[in-house]
Asks: 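I'd like to ask you about the structure that follows.
Because the structure is predicted, anything quoted here is derived from the model rather than measured.
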Amino acid sequence: MPKIVDKDEKKRNIAIASIDLFAEHGLKTSMESIAKAANVGKGTVYLYFKTKEEIIIEIWNFVDELLDNSRQEKLNEAKSNAEKLLILFDFSELEKNGLAEKLLKIYAINMSLILTLSDEGLHENYNEHSCVELNEIKKYLQAGVDCGEFIELDVDMVGKLFQKMHIGILFDSMCKHITIEELKQEFYTQLDFLIKMIKKENR
């Protein structure tokens with residue numbers, strides 16, 4: 001009996017196998033090298049991905065699922081909405097998997113292609129991800145306001161402020177080539193400051 005191929009798993013495995021290559025060589029990475037790293041033929045890579053940009057999108061899908069799975073248990077156990085906001089921006093799972101530094105380099109490739117309007121697919125994927133992220137932030141901000149944990153605030157505006165802070169620090173880290181530890185220090189310092197500003201107990 002022929003072996004049944006899980007196409008979604010095959011596609012995911014090709015994307016994961018390409019992470020090291022993209023982190024080291026950027027878009028100079030060839031489909032041949034990706035095929036070799038994934039232990040498949042070049043034709044198999046093209047069967048799942050027409051372009052390298054599509055592979056990058058699948059990498060972000062993998063990252064989203066990895067982070068969502070790691071955060072869910074923590075969110076269920078969190079005792080406050082402030083704690084849940086911190087968990088939304090918890091990327092420790094990427095560090096545990098040795099992916100943080102590599103993904104920051106791929107993120108730089110991703111954003112350069114978006115800023116130069118080089119790939120519509122990456123642009124759409126970024127917008128979709130941003131909408132999901134913003135809605136999650138707003139959900140916990142609104143819950144905090146409703147239960148009296150946070151002051152009355154414009155949830156949409158403050159949610160965007162949290163998101164822009166996150167994106168701004170990532171851009172800054174790429175421009176300055178700072179380490180993951182330095183990025184975390186700056187990020188969590190600013191995140192703590194924003195949360196303190198909206199907590200009712202600090203007023």
Asks: Return the NZ to CG distance between Lys74 and Asp90, rounded to the nearest 0.5 Å.
Replies: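 If I round to the nearest 0.5 Å, the distance is 4.0 Å.
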Asks: Distance from Lys105 atom NZ to Ile19 atom CD1, nearest 0.5 Å?
Replies: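 Lys105 NZ to Ile19 CD1: 13.0 Å, rounded to 0.5 Å.
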Asks: Can you name the closest pair of heavy atoms from Lys84 and Ala78 and give their distance?
Replies: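 In terms of heavy atoms, the two residues are closest at CG-CB, 3.6 Å.
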Asks: Would you call Lys139-Glu136 a salt bridge at under 4.0 Å N-O?
Replies: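 Yes, this pair counts.
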Asks: Does CD belonging to Gln185 count more than 12 external heavy atoms closer than 6.0 Å?
Replies: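 Atom CD in Gln185 is not crowded, with 12 or fewer foreign heavy atoms closer than 6.0 Å.
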Asks: Is there a side-chain hydrogen bond (donor to acceptor under 3.5 Å, both in side chains) between Asn97 and Glu93? Walk through the geometry before answering.
Replies: CA-CA 6 Å; Asn97 284 273; Glu93 189 67 25; 3.2 Å; yes
Asks: Are the side chains of Glu149 and Ser80 in touch, meaning some heavy atoms are under 4.5 Å apart?
Replies: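 Glu149 vs Ser80: side chains touch.
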Asks: Let me see the working for Thr44 and Phe49 under side chain to side chain contact (heavy atoms under 4.5 Å, CB included), right down to the final yes or no.
Replies: CA-CA 9 Å; Thr44 301; Phe49 303 102; over 6 Å; no
Asks: So how far is it from Asn125 CG to Ile57 CD1, rounded to the nearest 0.5 Å?
Replies: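 Here the interatomic distance stands at 5.0 Å.
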Asks: Would you list the atom pairs, donor with acceptor, under 3.5 Å between side chains in residues 155-171 and any protein atom, with sequence neighbours excluded?
Replies:
{"residue": "Asp156", "atom": "OD1", "partner": "Lys138", "partner atom": "NZ", "Å": "3.1"}
{"residue": "Asp156", "atom": "OD2", "partner": "Lys160", "partner atom": "NZ", "Å": "3.2"}
{"residue": "Gln163", "atom": "NE2", "partner": "Ser130", "partner atom": "O", "Å": "2.9"}
{"residue": "Gln163", "atom": "NE2", "partner": "Glu133", "partner atom": "OE1", "Å": "2.9"}
{"residue": "His166", "atom": "ND1", "partner": "Glu133", "partner atom": "OE2", "Å": "3.3"}

Asks: Where do Phe150 and Ala82 come nearest, in terms of heavy atoms and distance?
Replies: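 The answer is CZ-N, 3.7 Å.
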Asks: Kindly compute the distance separating OH (Tyr140) from CG (Leu85), expressed to the nearest 0.5 Å.
Replies: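 With rounding to 0.5 Å, OH (Tyr140) is 8.5 Å from CG (Leu85).
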Asks: Can Glu65 and Asn61 be counted as having a side-chain donor-acceptor contact under 3.5 angstrom?
Replies: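 The answer is no; no qualifying pair exists.
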Asks: So which atom in Met31 and which in Thr51 form the shortest heavy-atom distance, rounded to 0.1 Å?
Replies: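 Closest approach of Met31 to Thr51: CE-C, 3.6 Å.
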Asks: Does the Lys NZ or Arg CZ of Arg71 fall within the cation-pi geometry relative to Phe91 - under 6.0 Å from the ring centre and within 45° of the axis?
Replies: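 Yes.
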Asks: Report, as yes or no, whether the 6.0 Å neighbourhood of atom CG on Asn135 holds more than 12 heavy atoms from other residues, nucleotides or ligands.
Replies: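 Atom CG in Asn135 is packed in, count exceeds 12.
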Asks: Would you say Ile109 and Leu113 make side-chain contact, with heavy atoms under 4.5 Å?
Replies: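 Yes, their side chains come closer than 4.5 Å.
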Asks: Please determine if Lys176 and Asp172 form a salt bridge, counting it only when a charged side-chain N lies under 4.0 Å from a carboxylate O.
Replies: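 Salt bridge flag = yes for Asp172 with Lys176.
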